[in-house]
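The figures that follow rest on heavy atoms only: side chains count, while hydrogens, waters and symmetry mates do not. We count residues from 1, following the sequence as given. Since this is a predicted model, take the numbers as computed values, not measurements.
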Amino acid sequence: MERYASIERKTNETQISLSLDIDGEGQSKLETGVPFLSHMLDLFTKHGQFNLNVDAKGDIEVDDHHTTEDIGICIGLALREALGDKRGIKRYGNAFVPMDEALAQVVVDLSNRPHLEMRAEFPNSKVGTFDTELVHEFLWKLALEARMNLHVIVHYGQNTHHMIEAVFKALGRALDEATTIDPRIKGVPSTKGML
Ligand SMILES: [Mn+2]
């Protein structure tokens, strides 16, 4: 069974073509117009063993907000579509990832109940030209559209770039675990019978 989805989304603010293969080789092709976000999505894809292509044209002359938010929406939509009825998946994933002095933890439940809980204090409001508050924006839209419960904790760190990098790597690894097919699981892993 191929776990793949492609998404086309066009608004007055952004135009996005995106494809996601859950069972990939960590390959990405990213034209986001937001270099720091491309860097983070590259890490996410690599450590999640996905394949991800993003071609986005957004109103980055305003700022990176709409583009970052809408890419989060599209990855969420793709994840949800590619997972289908979620038969046989592990459902939960948990990953700790250190990046030099920083330590991030991401816990996911592909529960069909969107929630983001985020505990992260970034020392700087910018990494290069990227507003670090957009990390929350991206993660919330991702969780909302993928319909997952996402908990993101940065336990400590000093360098904002390292801290965010650890978050995206941990997100990839936690989602890799949660989406893994476990041959012992028959049907959908919920006592409700659906997710
Ligand atoms: Mn880096």
Side-chain angles (χ1 to χ4, degrees), residues 3-22 24 26-48 50-84 104 106 108-118 120 122 124-152 160-161 163-172 174-176 178-179:
R3 298 194 297 169
Y4 172 91
S6 69
I7 303 290
E8 300 282 333
R9 188 174 184 275
K10 195 170 183 291
T11 71
N12 291 332
E13 295 166 347
T14 65
Q15 188 179 333
I16 298 170
S17 303
L18 180 148
S19 67
L20 174 71
D21 188 342
I22 291 175
Q27 311 274 0
S28 59
K29 195 162 165 281
L30 304 164
E31 304 281 344
T32 71
V34 181
F36 185 72
L37 181 62
S38 291
H39 179 33
M40 293 305 111
L41 293 178
D42 184 35
L43 299 169
F44 164 75
T45 305
K46 187 79 177 173
H47 293 280
F50 310 125
N51 289 338
L52 176 67
N53 291 335
V54 181
D55 184 6
K57 282 166 197 66
D59 57 356
I60 50 174
E61 71 283 359
V62 177
D63 65 6
D64 298 336
H65 192 117
H66 299 139
T67 303
T68 303
E69 178 179 16
D70 291 2
I71 290 172
I73 289 173
C74 289
I75 295 175
L77 287 169
L79 191 59
R80 188 175 169 202
E81 188 182 321
L83 279 171
V106 172
V108 302
D109 177 7
L110 294 167
S111 57
N112 206 34
R113 295 159 68 98
H115 186 89
L116 172 66
E117 199 63 43
M118 186 165 171
F122 299 127
N124 288 331
S125 61
K126 291 241 184 209
V127 175
T129 57
F130 186 81
D131 293 315
T132 55
E133 67 181 13
L134 296 180
V135 174
H136 182 279
E137 202 59 30
F138 174 89
L139 294 170
W140 167 230
K141 295 303 161 66
L142 175 74
L144 187 62
E145 298 299 336
R147 301 189 65 81
M148 66 176 161
N149 184 3
L150 178 59
H151 289 234
V152 175
T160 303
H161 187 125
M163 292 161 90
I164 298 173
E165 194 160 316
V167 166
F168 276 82
K169 287 176 174 172
L171 177 65
L175 273 174
D176 183 38
T179 58

Give me the atom names and distance for the closest heavy-atom approach of [X] to [Y].
{"X": "Y4", "Y": "S19", "value": "OH-CB, 3.3 Å"}
{"X": "V108", "Y": "A178", "value": "CG2-CB, 3.5 Å"}
{"X": "I71", "Y": "A56", "value": "CD1-CB, 3.9 Å"}
{"X": "G76", "Y": "L142", "value": "N-CD1, 3.6 Å"}
{"X": "T160", "Y": "N124", "value": "OG1-N, 3.0 Å"}
{"X": "V106", "Y": "A174", "value": "O-CB, 3.5 Å"}

Any chance you could measure [X], atom [atom1], to [Y], atom [atom2], to the nearest 0.5 Å?
{"X": "D109", "Y": "M148", "atom1": "CG", "atom2": "CE", "result": "10.5 Å"}
{"X": "L83", "Y": "N112", "atom1": "CG", "atom2": "CG", "result": "11.0 Å"}
{"X": "E69", "Y": "K141", "atom1": "CD", "atom2": "NZ", "result": "3.5 Å"}
{"X": "K29", "Y": "L41", "atom1": "NZ", "atom2": "CG", "result": "14.5 Å"}
{"X": "L77", "Y": "L20", "atom1": "CG", "atom2": "CG", "result": "11.0 Å"}
{"X": "L110", "Y": "L175", "atom1": "CG", "atom2": "CG", "result": "6.5 Å"}

Walk me through it: do R3 and D21 pass the test salt bridge (Lys or Arg N to Asp or Glu O under 4.0 Å)? CA-CA 6 Å; R3 298 194 297 169; D21 188 342; over 6 Å; no
Side-chain touch [X]/[Y], heavy atoms, less than 4.5 angstrom:
{"X": "F122", "Y": "V127", "value": "no"}
{"X": "K169", "Y": "K46", "value": "no"}
{"X": "D55", "Y": "N53", "value": "no"}
{"X": "D64", "Y": "L37", "value": "no"}
{"X": "L150", "Y": "L171", "value": "yes"}
{"X": "R147", "Y": "R113", "value": "no"}

Given 3.5 Å as the limit, does a donor-acceptor pair link the side chain of [X] with the main chain of [Y], or not?
{"X": "R9", "Y": "I73", "value": "no"}
{"X": "T68", "Y": "E137", "value": "no"}
{"X": "S28", "Y": "T45", "value": "no"}
{"X": "N51", "Y": "Q27", "value": "yes"}
{"X": "D63", "Y": "H65", "value": "yes"}

Using the side chain to side chain contact (heavy atoms under 4.5 Å, CB included) rule, take I75 and L18 through it: C-alpha gap first, then chi angles, then the decisive distance, then the call. CA-CA 7 Å; I75 295 175; L18 180 148; 3.6 Å; yes
Near [X] [atom1], under 6.0 Å, is it more than 12 heavy atoms from other residues, nucleotides or ligands?
{"X": "N12", "atom1": "CG", "value": "no"}
{"X": "K126", "atom1": "NZ", "value": "yes"}
{"X": "E31", "atom1": "CD", "value": "no"}

What class does the angle between the rings of H39 and H161 fall in, given that below 30° is parallel, 30 to 60° is tilted and above 60° is perpendicular?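 The rings of H39 and H161 sit tilted, inter-plane angle from 30° to 60°.
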Taking it one step at a time, do V62 and E13 satisfy side chain to side chain contact (heavy atoms under 4.5 Å, CB included)? CA-CA 10 Å; V62 177; E13 295 166 347; over 6 Å; no
Sole residue of L52, L79, D176 in side-chain contact (heavy atoms from CB on, under 4.5 Å) with I22: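 Answer after filtering L52, L79, D176: L79.
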List the steps and the verdict of side chain to side chain contact (heavy atoms under 4.5 Å, CB included) for I16 and T11. CA-CA 9 Å; I16 298 170; T11 71; over 6 Å; no
Carefully, step by step, assess F36 and T132 under the rule side chain to side chain contact (heavy atoms under 4.5 Å, CB included). CA-CA 10 Å; F36 185 72; T132 55; over 6 Å; no
Aromatic centroids of F168 and F138 separated by under 6.0 Å: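 That pair passes the under 6.0 Å test.
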